[in-house]
Amino acid sequence: MKFKIGIFDSGIGGFTILKALLKTRNDVEVIYLADTMRIPYGNKNSSQIRYIAKEICNWFADKKLDALLIACNTTNACALDILESKLNIPCFDLINSVSEVINQKTIGILATPTTVKSSYYEKVISAQRKNLKIIQQGCPEFVSEIEKNKLDIKKINFLSDLYLSSLLKENIEVLILGCSHYPLIYNIIREKLDKNINIIDPSAALIEKFNKFFSTPKISSNKALSYDNVSFFVTAGNEQFSQKVKFWLEINKEIRLV
Ligand code: DGL
């Protein structure tokens with residue numbers, strides 16, 4: 001039996017969650033929605049994000065999903081209640097999933113300005129454990145840089161130094177990549193940090209939770225990922241998105257405009 005799974009993000013950030021999912025199982029059919037018309041989400045206010053979340057639910061409503069993977073931290077932070085209540089299916093989110101597995105005391109978080117402003121990460125992590133030091137840093141320019149057809153490595157290096165400086169002053173033990181786009185530049189961020197600082201991509205915790213809920217069939221981990229059962233939808237710019245799918249996932253795929 002195949003499980004029908006919805007994944008959404010403002011753009012390519014959800015690829016980190018999609019890949020993590022397909023690495024662990026082949027019994028899923030995925031509908032991936034990228035709201036490219038409204039990207040970036042991370043500089044919109046909370047009520048705009050809540051409005052968008054309702055529209056995302058309306059779009060998924062007739063897709064007969066078995067579960068929704070919320071591949072966008074910004075929507076997760078501002079509108080989890082809407083996503084959970086409107087679709088009436090199991091929803092798996094990044095922020096609650098990762099918060100359950102963090103065990104360090106001094107925690108740095110890189111996220112979009114809207115996620116930082118919501119303080120949702122702080123709220124969820126502090127509800128699990130006390131006496132923590134949580135330092136959040138908004139990264140207003142990362143998403144637009146990562147979404148460019150050709151990455152400007154010099155600029156991303158410059159921005160990484162800029163955004164990490166406040167966190168490094170606080171001697172963080174762990175860094176959470178609190179926007180699903182950021183794991184796509186993991187290697188650049190890794191180079192800037194001491195080896196003993198753990199970098200966490202929340203998608204691993206989300207997929208682990210998902211796999212506990214829908215028990216996993218064993219698949220061989222060295223098999224190439226197959227995107228045969230993935231359909232991609234965008235709200236604008238299907239041509240450009242197809243270039244990004246080719247670059248990041250190394251596949252040619254039809255991209256449908258919603
Ligand atoms: N990738 C999303 C997130 O995790 C949205 C980023 C954006 O569109 O600003 O927050």
Side-chain angles (χ1 to χ4, degrees), residues 6-21 32-53 55-56 59 68-80 82-83 91-99 108-125 136-149 151 155-156 159-160 163 175-186 188-189 199-207 232-237 240-241 244-245 247-249 258:
I7 296 183
F8 82 91
D9 180 45
S10 58
I12 60 174
F15 290 173
T16 57
I17 287 86
L18 175 64
K19 276 186 161 182
L21 174 70
Y32 186 106
L33 173 65
D35 189 6
T36 40
M37 191 172 68
R38 292 183 282 203
I39 194 170
Y41 280 2
N43 60 8
K44 297 187 167 42
N45 64 38
S46 174
S47 47
Q48 287 172 308
I49 298 296
R50 289 178 71 76
Y51 178 81
I52 288 172
E55 291 203 333
I56 301 273
W59 187 78
L68 180 71
L69 308 190
I70 303 165
C72 167
N73 291 264
T74 310
T75 322
N76 187 164
C78 300
L80 181 59
I82 293 175
L83 298 162
C91 289
F92 296 85
D93 78 301
L94 295 157
I95 302 181
N96 285 282
S97 306
V98 76
S99 298
I109 302 170
L110 291 181
T112 66
T114 305
T115 300
V116 169
K117 198 156 175 228
S118 76
S119 288
Y120 188 67
Y121 259 106
E122 219 168 346
K123 196 175 127 201
V124 174
I125 297 174
Q136 304 187 83
Q137 174 65 49
C139 311
E141 288 188 73
F142 261 169
V143 167
S144 50
E145 284 303 320
I146 296 166
E147 284 280 344
K148 280 186 179 161
N149 277 336
L151 291 183
K155 176 101 185 267
I156 295 177
L159 292 172
S160 303
Y163 299 146
L175 175 70
I176 301 177
L177 301 179
C179 166
S180 57
H181 279 76
Y182 305 170
L184 298 172
I185 53 161
Y186 175 90
I188 297 180
I189 296 174
I199 303 182
I200 299 204
D201 169 0
S203 63
L206 183 154
I207 296 303
F232 290 95
F233 294 85
V234 294
T235 50
Q240 289 98 306
F241 199 79
K244 292 176 190 179
V245 166
F247 179 76
W248 290 103
L249 305 178
V258 172

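Just so you know, ligand 1 is whichever comes first in the structure, and atom 1 is the first atom listed for that ligand. Sequence positions, counted from 1, serve as the residue numbers for this chain. Nothing here was measured: the structure is a model prediction, and the numbers come from that model.
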For ligand 1, which atoms have a heavy atom of [X] less than 4.0 angstrom away?
{"X": "I39", "value": "8 (O)"}
{"X": "T112", "value": "6 (C), 9 (O), 10 (O)"}
{"X": "C179", "value": "1 (N), 2 (C), 3 (C), 4 (O), 6 (C), 10 (O)"}

message = Measuring from atom CG of N96 to atom CG of N76, what distance do you get when rounded to the nearest 0.5 angstrom?
response =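 Rounded to the nearest 0.5 Å, the CG-CG separation comes to 6.5 Å.
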query = Which heavy atom of the protein is the closest neighbour of atom 2 (C) of ligand 1, given with residue, atom name and distance?
reply =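 Result for atom 2 (C) of ligand 1: D9 OD1, 3.1 Å.
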query = Tell me: protein heavy atom nearest atom 7 (C) of ligand 1, and distance?
reply =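 Minimum-distance protein heavy atom for atom 7 (C) of ligand 1 reads Y41 N, 3.3 Å.
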Check: [Y] main-chain N/O paired with [X] side-chain donor or acceptor under 3.5 Å:
{"X": "K44", "Y": "T114", "answer": "no"}
{"X": "S10", "Y": "D35", "answer": "no"}
{"X": "S119", "Y": "E122", "answer": "no"}

Which part of [X] is near ligand 1, with near meaning a heavy atom under 4.0 Å away: side chain, backbone, both or neither?
{"X": "T74", "answer": "both"}
{"X": "S10", "answer": "side chain"}
{"X": "N73", "answer": "both"}

inquiry  = Would you call the rings of F232 and F15 parallel, tilted or perpendicular, taking 30° and 60° as the class edges?
reply    =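 Perpendicular, since the angle between the ring planes exceeds 60°.
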query = Does an N or O anywhere in G42 fall below 3.5 Å from an N or O of ligand 1?
reply =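 In this structure, G42 places an N or O atom under 3.5 Å from an N or O of ligand 1.
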Of L177, D93, I109, I95, the residue whose pairing with N73 passes side-chain contact (heavy atoms from CB on, under 4.5 Å) =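 With N73 as partner, L177, D93, I109, I95 yield a single side-chain contact (heavy atoms from CB on, under 4.5 Å), made by I95.
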ask   = Out of F241, W59, Y32, which one pairs with F233 under the ring pair (Phe, Tyr, Trp, His ring centres under 6.0 Å) rule?
value =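 The single option meeting the ring pair (Phe, Tyr, Trp, His ring centres under 6.0 Å) with F233 is W59.
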